[in-house]
Each structure stands twice: as C-alpha cells, then as structure tokens.
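Just below is one structure, and these are the notes that go with it.
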Amino acid sequence: MNVKFTAWYIPIIVLLFLACQKSTDKVSISDAARSGFILQESDLPDYEKNIDHKGLLQALGDRHGESMRTGEHIYTNTCITCHGNPEQEGSLPTAFKFWADTFKVGEDPYAIYQTLTRGHGAMPPQVNLTPVEKYDVIHYIRETFVSKENPAQYFNIDEDYLASLPEGTSRGPEPREYKPWEEMDYGNFLINTYELVDENAPPRERSTGPVQPLPDEDFGDANFAYKGIAVRLDNGPGGVAAGKAWMMFDHDLMRVAGAWTGDGFIDWEAILFNEKHNISPRTIGKLHVENETGPGWAHPETGTFVDPRFLARDGRRFGPLPKEWTHFEGLYPYENRLIMWYTVGEARVLETFGLDSLEHQPVFTRTLNIEPAEGLLKMRVAPLGTAVALTGKGAALAEENGFQVVNITASEPVKIKIFMAASGVSGLEEWAQSSDPPASLEQFTKGGPARFPQLLETNILQGEQEGAFQVDILNPPFNSPWKNQLRLSGLDFFRDRNKAVVCATDGDVWLVEGFTENKQTLTWQRIASGLFQPLGIKVIEEEIFVTCRDQIVRLHDYNGDGEADFYESFNNDHQVTDHFHEFAMGLQADAEGNLYYAKSARHAREALVPQHGTLIKVSPDGEHTEIIATGFRAANGVCLNPDGSFIVTDQEGHWNPMNRINWVEEGGFYGNMFGFDPPADSTDSGMEQPLVWVERERDRSPSELLWVDSEKWGPLNGKLLSFSYGYGKVYLVPFEKVGGQVQGGIVELPLPRFATGVMRGRFNQDDGHLYLCGLSAWGSTQPQLGGLYRIRMTEKPVHIPVGIQAQQDGILLTFSEKMDESSVRELANYSVATWDLLRSRKYGSKHYNEKKLTITAAGLGADGKSVKLKMPDIEPTWVMEINYQLKSEKGDEVEGLVQNTIHQLGEAAAI
C-alpha cells in the first residue's frame, strides 16, 4: 500500500519555517490555492469548515494582552531561529521577513491563516496549532512587526472585511499541551529503563544542589528494569502507549519485573520523552504482580539465584547475567504478539505474554516453550501470596525462599503456561485447567504479516542556494499514520546507494528509497520499532546493525517484505543504569568487522559502572566487549580514522571546561574525573589533550565527525568534517600533528543552519553527495524535531582555510582557493585573540588570560593559497580565534573565523 504525503506536513510546531517565501506579486487566495497550497480543503479536519473567523478576529480586541503573550511565546520559541527579528537575521536567509517583505499569499489575517493551516510552497501546514493559537501568532506578527516596520503590508480590518469571511459557528478545539511522546504508536512493545511502582507510590528521590558530584539517590529497594521490555497485552490500536494492561520483561536478568493495568502506560518522565532530566519513567496504575530485582532463572549448574553481576558503589548490581548462565538472543514481533528468545545454560527458551480475566480480575499469562539440556532449570515466578497456576506437562510449581518457582522436570521439549494474578484472586488454579493448552511458539519465529504495511512517500525540496553548497531538504513522513516524532539519529547506505536505513531515537528504523533515482520523491518503510533510544546505525554486508542503549541489534527479514521479523541481540553487554545521561552513541566498523560506539557518563555524578564515559569495541561475532578509551562525559558518536585511531567529541560540563574534539588512541584517558576509576592525577597533564577545545559560541554541542570521501567536494575531499548538534551547523576541521600531538581548529562551512541539530552523516558513493540526519531533543537551539538533508557541492569556490599550522613565529593558514595578495598583506584585515580555560570539577569555565596578539606581517605563499601571519607573541593556548576579511584572487569577499587550539609550536617556515 502506497500512501503519498507531500513534504512539510509536520505534526509539530515548526512555525513559519521558510514561511511565505519572498515575492513581489500579490495573488488571491484562489490563485494561491492553485499555485502552491500543500493541503486541499478536503484534507483539512472537519472543524476547519465551520470556523467563526469573524468572531475570532473580533475577540482579539478583548483578549489583546493574552493573545500577544501567546503569540510571542510561539514566535520566540519556534519561529525566531529561522526568521529572526529586525535586530538579528534568522538562520535561514530565505525565510520570510515580516518587517520588510511582501506577503506572497495575502497580507490579511484570513490569508495568513490559510497559509498556516494549509501550508504553501515550503511553508508546512501547522496541524497542531488550534485556530485560536493561529490567530494569536498572526496577531503578534501583525502588531509587532508588520504595523511598525512594514506598514505597507499591514491590512486594516473593517466591518466589510469581517462580513466577507466564511461563516461558521465554531472556534475549533481548545488549545492543549502537545505531548507527541504519548500519542506515538511505538508498536506493541517499547524497550526503555522503567521503574515499576504501584499506584499512589511516594514521590521519587532526586538529588539536586551545588555539591559536585551530586550524591547518589537511595534506590536500593526500587524495582528498576534497566533493560525493560514493556509489552502491551490488551487488544486495540495505538500501540503500547494506548494500552490498558502490560507486562515488563527485564532482559538483563531474564525476569518478569511486573505486570500492571491502568488508564495510562507510564508517567513519561524522561529526557527523550518530556525532556525531564535526572529521572526515568515510572509505571502508573495498579501493579498486580511484581518481582524483586534479581535473576529470573537459577544458575543451571548450582541452582542458586544469588546475583553475581558487577556491584556498583551504591550497592546495586548492573549489566547482564553471565552468558553461561543465561543470555538474551532477541525478539520476534508477530502481529500483536512478541516472542522472546533466550537461553538458560544450553536450554533454548521461547516466551510470550498474554492477558485473560477471572471474575473481572486481570490474569497475566506466560507461555514458554523450553528445549531442556543438561542442568537444572528453575524459574522464579512471583513472591508468595501472588495467585499463580501452571498448565502443561514437564514442569511443576514449588515454593522456595519466599517465592513460587517452576521446576522443569522433563528432559524433552516442554510447553507450559503460567497464570498470575494479584493476591486475593481465588480459584485461579481450577480456572486455569479449563483454559487453552500452551501454544507452540515456533510458528511465530518465521516472519509474519507486515505490522506497518503502508509505504509513505515524501517530496524532496530542491535547494537553489547560491555559493559553494546547495542543500536539499529530504523530509521524513512527519504525518505518518503512527504519529512518529522522527527524531533521526543515524543513517547508512546499502550497496544499492539508492537505498538507505535511517534510525530514530524514538525507537524506529526506516528503509528509505529514492536517493539516486532523481525522482524528487523518497519512499519510507517502517521496518522496526520499539527499540531503546537508537543513536547509531551501520550496514555491514547488507545486514543492519543498530546501536541502542541496551544492546546492538541486528535486524533480520525472513519473508522478504522488508520489515524486520527478528531483532537479534547481537551484543547486550551494555551496563545500563537508571541515569538519564548515559546515551550509547554512534556505530562504526573497521575492516576486520569490529564495531565501535561511545557511551556517555552520568551527568554531575560519579560513574557507577566501568562503561560510563567510554569508547567501546565489540568483536565481529558480538561475543566480546572491550573498553578501549575512558574519561568522556557526553561522547556523541565515533569517527574511525584511516590510521586506525578514532575521533570522539565531548561536551562542556564537569571536568570539561568547554566542548572538545578528541583524537583518540586506545588506552587513553580523556579527562572526566567523574568517570569510573579515574587516574590519581587530576591535573591537565594526567589526560590526553583534545584536537581542539570548541567554544560554546561556535558550537554548544558537537556530534560526530566524518571524513570527506567524494571527488565532487573538490578541495575538501579527504578533509575532516564536524557536525553540530547544538547549532545545526557543519564545520571543517583543519589539523596538524606536532610532536605526536594532534591539534587544529574548526571553520564553519558557508551553509545556513539546519532546522535540527545535526547528528550523523554519510557520503553516497554513487552521487558523491553528503547526506545528514538530525534531531532536536536535548540541549539544541534548533526548532524542528527531526530532519534529513543532502548537501551538494557546486563548482563555485568555497573560500575557507583547509589547513592550519602553528609555528614558532606565527600561524600558517592554507585556503581552498587562491587569494588576493594585496588583501593578504593588509594587517587590518586580521584580528587574533587567545585565552585559556580552567579544567575543574565545576561545570565549564570562564575565560582566563585573554590576549589580543599583534600581527607584524602577513604574506602569501607561492601556491597563492598559503597565508602566513607573523606573531612574535604566539605561544601554546587553549583557545585562539583568528578573524579575517580578505579577497580571493578573483575578487570575491572572503570573511571568516578559525577557532583553534595550540598545544605545541612547530618549526618556523618561510613562505
């Protein structure tokens, strides 16, 4: 089934993004409808056909103050980034300037309302703004910008105009808080870290205050499923978030952590849901069944349930049980079922959950198919007092140390069904005997009907920017039938470069086609869902690997429909705690097939597990995990260098005075003394120094780096790029190596800011273009939740420094094109400043030892590209900024800024 959606139909407030493109021609609404409205009237919700536009406009007089406040809030929180204001230009040069430009559709309020409602050209329909909110932001724009700065475009409302508006009796839906995380259909399961509590649980403890590091909360008695698979049990549309009954499986411990019912799934308190920091989501509703944190199966040789895992400083244990004890193999989604596959010793177990009822009380079921092997098989079911029954042969219930357990007594394959209900439910055992026999689960492991059969089509918005780069906007299907947020966090291409996979941090993986066919459309197929914060993806030998917070997943399509039928847990050695900050970022593979990802540390707290703040290597078979570098705070992705080293970025914070780009060697420590078992030496000499310290004014949050691998990128081919999550920018990273230390700087590419933070990039070897994906979820200034982009380099000059050398007598910059010698020699065309930072346990650093360096001479090398700035006072520095205003050999204006770090000065060299 193909469902076509035009680009820019976005169910989030990306208000007036590229709105009302500039034009000097006035057209009527009917003309505009024929020439650019995205949605036709038949596409609009029914209430739009009965809106009392006259009444809404008249009401603005009585509610002027309230309307202006609401309109200002919408504008300043979402519009200003792209559009700016009269004092500061927005980040998108083509975005409409309300204080200067001529409206394309019409300047009257109803015409602007139509543009907001239906979208026009590159302006997306604002489907989440109510009619009242749309007129509020229109009112604010008209009264703040148009009437004062652009009066020729200000339309005066009179009685004749009001009488001409379409008649209606409704003001539309009441404005409401938009919670896309609650409305999304994640599928029938969602993996996350959850705390299981009964209704009316006391407020949770959250450590705050100035003490650094913050103290650990006392979670010793809390029931956290750190790798919790929440499974919806009742039938109905909308996925796990829309359910009424659930069970939670913890795949660290192979236990059922609990089962609950209610009118809501969870409280959504989490950084990637409602953006709350320092908290994990809790279940809400009635908790009918609960198991304490501990192994769900006894050790197959010793019969003990004693937890042997890593013991953290706060007394909790983290990570998976040893593989020889039990191992999670993966998930088989089949229609509305979920079948889990794991091993206990050598025994193979398939398990699924279900829901029934006994006298209006919910009964939760576990169906297990077990292929026994040598060894004892014993599983905890629930604490004594929980109503429990068992059907099937080859197993028996028993009591042990306060728990009801199942002992597997048969040596042949066993099919059993366990029934659980809250304490006080009577008659369960007799009732269970009359239920259907335990099902065979093998039939659900071969692939079933597509769960997401719709193929979604979006348009490509072709960029026509002047200059060295053109940016195409490849919009995801923001109005998908599953209400996906589409915060895109990784992409990679197949051998057929027309196809790629894209992951989203909300749990999805998409198969996207149309990149090189030049049809100006993309087709999107949702092939996986419910994963735990995917933040990296890699195609290896045509197989899809996804970095999730709990595991690296390998996706398998058994029946050829494109959709994943098995989510293999390729590696689940991840040590997951409840802390919000410990993202697993990026995914790269070397020539031998080793995989690499970075794991962030806890924010403002000391590490609990060895993996906090590390670069991690996984063997080609997924069997072994190795920490190869430590001391990171918030490492957003991995770049694999041609020489086998790595680049890992990090963000400003405690023990990190500023953002940084680290050239990483195996075994290195990179400075975060809140990491696990840091070295005794906390001075700067006790850590590996970064390639460059990145000031927050340049990039508040660098993400992943990428080597340019495209002849179409001319002078930039073979160079290094850095992506900005914080500001939605792309930087070139010129660098050098002096005395074994890599050092260099960043130079912003002449591109408008992207509407999202930029996370990951890949070059397409067929068309030679750079493809980027991005999101905005935490700590980004950019307004749009997610996006996909293509950067095409034109044949026009780029005019930026591609090389930098710090020498005993000055700085040598090498530009991408030849420069004008007279402008190079003019010393007034430069300014150079330096300052130091202070690395400490405090958050960030102010500037110290600020200086402006004197330039005594500037010269142009024989190649016409090398510019030498002689500075007698140059010395190693944390931060240097070089501003330049030059001309190219052909007379083009060349202005820019290099921000760099100098660890050592190389030999002076004449040019």
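One-based numbering along the sequence shown.
When all heavy atoms are compared, the tightest approach of Ile902 to Leu905 is CG2-CD2, 3.7 Å. Of all heavy-atom pairs spanning Cys773 and Gly490, the tightest one is SG-N, 3.3 Å. Between Thr756 and Gly787, the shortest heavy-atom distance links the atoms CG2-N, 3.6 Å. Across Thr794 and Gln470, no two heavy atoms sit closer than the pair CG2-CG, 3.8 Å. What you find for Asp590 and Leu640 is that their closest heavy atoms are CA-CD2, 3.6 Å. Residues His581 and Ala634 approach most closely at CE1-CB, 3.6 Å, considering heavy atoms.
Of the possible polar contacts, one joining the Ser776 side chain to the Gln784 backbone as a donor-acceptor pair under 3.5 Å is found. Ser816 places a side-chain N or O within donor-acceptor distance of the main-chain N or O of His799, the cut-off being under 3.5 Å. Between the side chain of Thr649 and the backbone N or O of Pro702, at least one donor-acceptor pair lies under 3.5 Å. The backbone N or O of Asp766 lies less than 3.5 Å from a partner atom in the side chain of Asn764, making a donor-acceptor pair. Not one N or O on the side chain of Gln533 forms a donor-acceptor pair closer than 3.5 Å with the backbone of Ala504. Put simply, the side chain of Asp699 gets close to the backbone of Ser701: a donor and an acceptor are under 3.5 Å apart. Judged by distance alone, the side chain of Ser845 and the main-chain N or O of Leu838 form a donor-acceptor pair under 3.5 Å. Side-chain atoms of Ser703 come within 3.5 Å of backbone N or O of Phe723 as a donor-acceptor pair. Side chain of Gln899 to main chain of Glu695: a donor-acceptor pair is present (N/O by atom type, distance under 3.5 Å, no hydrogens or angles). Looking at Asp472, its side chain never comes within 3.5 Å of a backbone N or O of Arg790 through a donor-acceptor pair.
Side chain to side chain, Asn636 and Arg760 meet the donor-acceptor criterion of an N or O pair below 3.5 Å. For the 3.5 Å distance criterion, the side chains of Thr625 and Asn571 qualify, holding a donor opposite an acceptor. Between the side chains of Thr458 and Trp524, at least one donor N or O sits under 3.5 Å from an acceptor N or O.
Residues Met658 and Gln651 have side chains not in contact (no heavy-atom distance under 4.5 Å, counting atoms from C-beta outward). Contact of the Ile811 side chain with the Met880 side chain is registered, since non-hydrogen atoms from C-beta on lie closer than 4.5 Å. The shortest side-chain heavy-atom distance between Leu775 and Leu488 does not fall under the 4.5 Å cut-off. Counting only heavy atoms from C-beta outward, the side chains of Arg633 and Asn672 approach each other to under 4.5 Å. The side-chain heavy atoms of Ser645 and Val664, taken from C-beta on, include no pair separated by under 4.5 Å. For the pair Arg660 and Val692, the minimum side-chain heavy-atom distance is 4.5 Å or more. Between Val898 and Ile746 the shortest side-chain heavy-atom distance does not fall below 4.5 Å. When side chains are defined from C-beta on, Asn662 does not count as touching Gln689, because their heavy atoms never get closer than 4.5 Å.
Between Phe583 and Trp778, the ring planes lie parallel to each other; the angle is under 30°, not in the 30° to 60° tilted range. Taking the six-membered ring where the residue is Trp, Phe646 and Tyr596 present tilted rings, their angle falling between 30° and 60°.
In summary, Arg762 and Asp492 engage in a salt bridge, as defined by a charged side-chain N under 4.0 Å from a carboxylate O. A salt bridge links Glu652 with Arg696; the closest basic N to acidic carboxylate O contact falls under 4.0 Å. Look at Arg753 and Glu748 and you find no salt bridge, because none of the NZ, NE, NH1 or NH2 atoms lies under 4.0 Å from a carboxylate O. A salt bridge is absent between Arg602 and Glu582: the closest approach of a Lys/Arg side-chain nitrogen to an acidic carboxylate oxygen does not fall below 4.0 angstrom.
The aromatic ring centroids of Trp655 and Phe632 lie 6.0 Å or more from each other. Centroid-to-centroid, the aromatic rings of Tyr771 and Phe763 stay 6.0 Å apart or farther. Checked against a 6.0 Å centroid threshold, the rings of His603 and His654 count as neighbours. Taking the six-membered ring for Trp and the full ring otherwise, the centers of Tyr789 and Phe754 sit less than 6.0 Å from each other. Taking the centre of each ring, Trp663 and Phe735 come in below the 6.0 Å mark. In this structure, Phe515 has its ring center no closer than 6.0 Å to that of Phe494. Ring centers of Phe532 and His574: at least 6.0 Å apart, outside the cut-off.
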Worked check of side chain to side chain donor-acceptor pair (under 3.5 Å) between Gln741 and Gln743: CA-CA 6 Å; Gln741 172 68 51; Gln743 62 187 22; over 6 Å; no
Do Asp767 and Thr516 pass the side chain to side chain donor-acceptor pair (under 3.5 Å) test, and can you show the C-alpha distance, the side-chain angles, and the key distance before you say yes or no? CA-CA 7 Å; Asp767 62 21; Thr516 59; over 6 Å; no
Step by step, would you call Gln765 with Asp709 a side chain to side chain donor-acceptor pair (under 3.5 Å)? CA-CA 8 Å; Gln765 296 304 309; Asp709 184 16; 3.2 Å; yes
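Around the NZ atom of Lys712, the shell of radius 6.0 Å holds more than 12 heavy atoms that belong to other residues, nucleotides or ligands.
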